[in-house]
Structure formats: C-alpha cells, structure tokens
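So the structure is just underneath, and the comments pick up after that.
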Amino acid sequence: MKRLTQLLTVCAVALTLNLQAHAAQPSKTEKRIAYTIKNLKLNATQQKALQPILTAYCAEMKAAKKKYEELKKKYERDIDMGTLTDNASKALLDAKFEAETKELEVKKAYRKKLEGVIPLKKVFICYDLINDKMSKVEGKKKKTDDDDD
C-alpha cells in the first residue's frame, strides 16, 4: 500500500510538471512576434514599442481570415476527397477573396503605425518576417540587411 501511495504521488507530480511545462509554451503568435523582432535587430526602445503593435496586427489578421478558415474547415473532407460542389467552391472562393481584401486593408492600416516606431526599410522587412510560415519561424532564421541602421 505504501508503494502504491508513493507511485501515485510520483505520477501526480510528474503530471503537474508536464502540465506546467505545456502551459508555459509560447503561442504561435508569440513565437511569430519574437521571431520578427529578433530578426529585425532593433534597439530596446523599438522592441518595446513594436511588441503591442505586432500583437494587435496579428489579432486583426487572424480576424480577417476567420470566416474563410471556418468555411475551409467545414469543407475540409470534401476538399480532401475531391468532392467539392460548385456551390461550396463558390462560397470558398468568395470567402478567400474577402479575407485577402481584409488582410490587405489591415496591412495598409498598420504601415503608418509601424513607420512611427521603426524605419521604413525595417517596415518592409517586418511584413516579410511576420508573415513567414511557422516552419520557418520555428526553424531557420531570415537574415536582414541593416548595414545603414
């Protein structure tokens, strides 16, 4: 009985530590922002000012894509099986084009906000970095040319 109690205690501790470690993992958005800021090679003031702007930018971009992503998930099986109907295809295309239009509006709106914090050259690079694929964010680094900043 004593061994069982010890085993259960060890299991409970291990589970707690595992859950804490999992909860401490940064979100995809946090990883993306950290990756962008790191690769822009900014000073501490710029980094601090850029963080909330990029957080808001990512939230707005996610909202812009939401309708399309939900619709795509709804038809995921039909897409995979090649059984998508014309009506579903039209709905997906319309949602995709609407999302792309909203994304462009968000990008344009944030240009001025970014320009107030970092040089225009870095704004250009920032858009490339913040929109990199997660595989790149979590793996290889994108190099920037900042020899005159």
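One distance of note links CD1 of Ile37 with CD of Gln51; it measures 4.5 Å at 0.5 Å rounding. Atoms SG and CD1, from Cys126 and Ile118 in turn, are 4.5 Å apart once rounded to the nearest 0.5 Å. The line from CG of Asn39 to NZ of Lys136 is 9.0 Å long, rounded to the nearest 0.5 Å. To the nearest 0.5 Å, atoms OH (Tyr35) and CG (Leu40) are separated by 10.0 Å. Note that CG of Leu50 is 10.5 Å distant from CG of Asn43, once rounded to the nearest 0.5 Å. In this structure, Gln47 CD and Thr36 OG1 are separated by 12.0 Å, a value rounded to the nearest 0.5 Å.
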Considering only distance and modelled atom types, tabulate donor-acceptor pairs under 3.5 Å from the side chains of residues 71-91, sequence neighbours left out.
unit_1	atom_1	unit_2	atom_2	d
Asp78	OD1	Thr83	OG1	3.2
Thr85	OG1	Ala88	N	3.1
Ser89	OG	Thr85	O	2.9
Lys90	NZ	Asp94	OD2	2.7

Residues 100-107, side-chain donor-acceptor partners within the protein, below 3.5 Å, at least two apart:
unit_1	atom_1	unit_2	atom_2	d
Thr101	OG1	Phe97	O	2.9
Lys102	NZ	Glu98	OE2	3.1

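With a 4.5 Å cut-off on side-chain heavy atoms, Pro26 and Arg32 do not count as touching.
Every residue two or more places apart in sequence or in another chain that forms a salt bridge (Lys or Arg N to Asp or Glu O under 4.0 Å) with Lys66 is listed here: Glu70.
Hydrophobic clustering places Leu129 together with Phe124 (ILVMFWY residues linked when any side-chain heavy atoms are closer than 4.5 Å, directly or through intermediates).
One N or O on the side chain of Glu30 and one on the backbone of Ser27 form a donor-acceptor pair closer than 3.5 Å. Here the side chain of Glu115 pairs no donor or acceptor atom with the backbone of Leu120 at under 3.5 angstrom.
Remark: Lys113 qualifies as a cation-pi partner of Tyr110 under the 6.0 Å distance and 45° angle criteria applied to the six-membered ring.
The shortest heavy-atom contact between Asp132 and Val137 is O-CG2, 4.0 Å. Heavy atoms only, all atoms of each residue included: Ala99 and Lys65 are closest at CB-CA, 4.2 Å.
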Chi angles and distances behind the side chain to side chain contact (heavy atoms under 4.5 Å, CB included) call for Leu114, Tyr127 = CA-CA 10 Å; Leu114 292 168; Tyr127 277 118; 3.8 Å; yes
